[in-house]
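Numbering of ligands and ligand atoms starts at 1, following listing order.
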Amino acid sequence: MKVLVIGGGGREHALAWKLTQSPRVQEVLVAPGNAGTARESGCRNVAIGADDIEGLLRLAREERVDFTVVGPEAPLVQGVVDAFQAAGLACFGPNRSAAQLEASKAYTKAFLERHQIPTGRYATFTEADAACEWIRAHGAPIVVKADGLAAGKGVVVALDEATALNAVHDMLALGDEHAKVVVEEFLEGEEASYIVVADGEDFIAFPASQDHKRVGDGDAGPNTGGMGAYSPAPVVTPEVARRVEETIIRPTLRGLAADGVHFTGFLYAGLMIGPDGEARVLEFNVRMGDPETQPLLMRLSSDLLTLLEAAVEHRLDEVQPTWDTRAALGVVLAAQGYPASTRKGDVIHGLDLPFGSNVKVFHAGTTLDGDGAVRTYGGRVLCVCALGDSTASAQTAAYAAIRQIRWEGMHFRSDIGWRAIS
Ligand code: AMP
Ligand code: GLY
């Protein structure tokens, strides 16, 4: 079979790498891919952007692609799955109406409330004055979120009222006349990512994972797309997982179905697990997490294609994925300046040195020169992943591998996994 992976980040490198391991896959095309997928045996990059839906359709037809997996949210929100389905092409991911769950925080909060799914109290505003009044009434800490896709940067967790009021003004001033803000109760606890492969009301859960959103050690500094992740996440005990499925995942899929939305694809619930073990929804994503995908797919020991195909063919009940019992941990190596501005074009050294069999270096923002040099091409550049008998040993192995890699301005967190290890 020929498989197409849409996207060019770390998540897509991991998806493509895992798909090449399927005995039924001859070749994995990646559009547009990165230097990691260019160098991956069994993969071929095609220079078509992830949001060029016409170009992707043409590619799938010309190359006789048998199955397509969509990585990022933008093409999903644009309706890439609807377009592929209309052309009779098998494509894994939610359609445009199902992708609303990530595209609009206002829609999602209203959905959660309507279906009584646990989440923080909130209100949605188009007028700054009304939003500020709500903030003054509730007090800080409080959270202000811009409606719409913002790549993880549209959220301000305000510890004082002035910061919250400024955030409202900034977000409404930046947006067009339809701009909306969601103001939300600050939730205490520990975050976790709970990702399932869904098809309508059926689903199969991945093991829980945890991301590190802040740029600096000890969870300090500005939010990023994610600086590292690991799985399993001890905060999600078997009892917490059971509750997440019963109070969040199942009611969400049932609620979507009741609203006439059939959700096939990865459903990612970003959760806050309170001190009482109660889980509340912070956000939904309609795709795998980045960087959660990288450690999660290192732990998947069964075939990924079989799982995704079963979802598209509405027979998830027939598959049972198996997981490596070891822990996996990935550390993101970022380019100079990330997450503010990022410098591109620095040559990355050390990628050809041998890494242990328990280590895998996934690329994100990289390009391959004609002369074979790999250069930085984005904020998050690499995600160095390792498996270990414990989170601590996976962490040790990942940081040992990182010592081989360098470029000018490279930076990373030195404490990925700290909650699980401490
Ligand atoms: P989101 O894009 O909604 O996941 O928000 C980005 C980050 O902001 C989350 O990963 C949390 O760290 C934080 N956050 C969002 N909503 C809340 C909330 N209600 N309470 C506390 N922290 C939040
Ligand atoms: N790692 C967070 C996300 O993918 O949204």
Side-chain angles (χ1 to χ4, degrees), residues 7 9-12 14-15 71-74 76-77 99 101-109 112 118-124 135 138 140-159 163-164 167 171 181-195 206 208-216 219-231 233 235 266-275 278-297 330-332 334 339 362 364 379-380 383 413 416 419:
R11 166 184 48 216
E12 288 77 25
L15 287 166
E73 62 276 20
L76 293 167
V77 172
L101 217 47
E102 176 162 359
S104 166
K105 293 197 189 288
Y107 164 87
T108 299
K109 292 297 284 189
L112 291 168
T119 188
R121 277 178 299 132
Y122 81 104
T124 303
I135 288 168
H138 286 80
I142 198 159
V143 184
V144 183
K145 304 184 176 186
D147 194 36
L149 293 182
K153 286 160 208 141
V155 176
V156 173
V157 179
L159 300 181
T163 307
M171 287 177 192
V181 292
V182 171
V183 185
E184 192 179 299
E185 167 192 11
F186 174 82
L187 297 174
E188 264 179 273
E190 187 171 335
E191 281 180 62
S193 307
Y194 207 81
I195 301 172
F206 279 52
S209 54
Q210 200 170 75
D211 184 13
H212 301 58
K213 297 255 167 83
R214 304 298 186 108
V215 74
D219 296 324
N223 256 324
T224 68
M227 292 299 288
Y230 60 94
S231 171
V235 66
F266 295 115
L267 176 65
Y268 165 147
L271 304 173
M272 188 68 88
I273 315 290
E278 207 59 61
R280 291 184 177 77
V281 177
L282 289 178
E283 62 164 350
F284 282 120
N285 295 314
V286 298
R287 49 167 177 82
M288 286 286 278
D290 191 339
E292 290 95 323
T293 307
Q294 294 86 317
L296 281 175
L297 290 185
V331 180
V332 169
F362 293 108
R380 293 188 294 170
C383 180
R413 280 181 61 159
I416 299 303
R419 283 178 194 273

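At a 4.0 Å cut-off, not a single heavy atom of Ser193 sits close enough to ligand 2 to count as contact. At least one heavy atom of Met272 sits less than 4.0 Å from an atom of ligand 1. In this structure, Arg280 has no heavy atom closer than 4.0 Å to ligand 1.
Between the side chain of Arg380 and the main chain of Gly225, a donor-acceptor pair closer than 3.5 Å is present.
With a 4.0 Å heavy-atom cut-off, ligand 1 is reached by the side chain of Val143 but not by its N, CA, C or O. Of all the heavy atoms of Val155, the ones lying under 4.0 Å from any atom of ligand 1 belong exclusively to the side chain.
By the 4.5 Å heavy-atom criterion applied to side chains, Arg11 and Pro72 are counted as neighbours. Inter-residue side-chain proximity for Arg413 and Val331 is flagged as unmet; no heavy-atom pair is nearer than 4.5 Å. Side-chain contact between Met171 and Val156 is present, with heavy atoms from C-beta onward closer than 4.5 Å. Put simply, the side chain of Arg121 reaches to within 4.5 Å of the side chain of His138, judged on heavy atoms. In this structure, Leu267 and Leu101 have side chains that are in contact, with non-hydrogen atoms separated by less than 4.5 Å. You'll find the side chain of Thr124 stays beyond 4.5 Å of the side chain of Tyr107, heavy atoms only. Glu184 is listed as a side-chain neighbour of Lys109, based on a closest heavy-atom distance under 4.5 Å. Considering only heavy atoms from C-beta on, Glu185 stays 4.5 Å or farther from Val143 through its side chain.
The atoms of ligand 2 that sit less than 4.0 Å from any heavy atom of Tyr268 are 1 (N), 2 (C), 3 (C). Of all the atoms in ligand 1, the ones that sit under 4.0 Å from a non-hydrogen atom of Leu187 are 18 (C), 19 (N), 20 (N), 21 (C). Residue contact check: Phe186 has heavy atoms under 4.0 Å from atoms 20 (N), 21 (C) of ligand 1. The atoms of ligand 1 that sit less than 4.0 Å from any heavy atom of Lys213 are 10 (O). Ligand-side atoms of ligand 1 in range of Glu184: 16 (N), 18 (C), 19 (N), range being under 4.0 angstrom from any heavy atom. Each of the following atoms of ligand 1 lies closer than 4.0 Å to a heavy atom of Glu283: 1 (P), 2 (O), 3 (O), 4 (O). Each of the following atoms of ligand 2 lies closer than 4.0 Å to a heavy atom of Asn285: 5 (O). When each atom of ligand 1 is checked for a heavy atom of Glu191 under 4.0 Å away, the hits are 9 (C), 10 (O), 11 (C), 12 (O). Each of the atoms 1 (N), 2 (C) of ligand 2 lies under 4.0 Å from some heavy atom of Asp211. For ligand 2, the atoms sitting less than 4.0 Å from at least one non-hydrogen atom of Gly289 are 4 (O), numbered in the order shown with element in parentheses. Contact atoms of ligand 2 toward Gly225: 1 (N), 2 (C) (distance under 4.0 Å to a heavy atom of the residue).
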Yes or no on side-chain contact (heavy atoms from CB on, under 4.5 Å) for Met288 and Leu296, after CA distance, side-chain angles and deciding distance? CA-CA 10 Å; Met288 286 286 278; Leu296 281 175; 4.2 Å; yes

Full working for side-chain contact (heavy atoms from CB on, under 4.5 Å) between Arg419 and Tyr230: CA-CA 10 Å; Arg419 283 178 194 273; Tyr230 60 94; 3.9 Å; yes

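Polar contact with ligand 2: absent for Lys213 (N/O pair, distance under 3.5 Å). Not one N or O of Glu283 is nearer than 3.5 Å to an N or O of ligand 2, by distance alone.
Looking from atom 5 (O) of ligand 2 to the surrounding protein, the closest heavy atom is Arg287 NH2, 2.9 Å.
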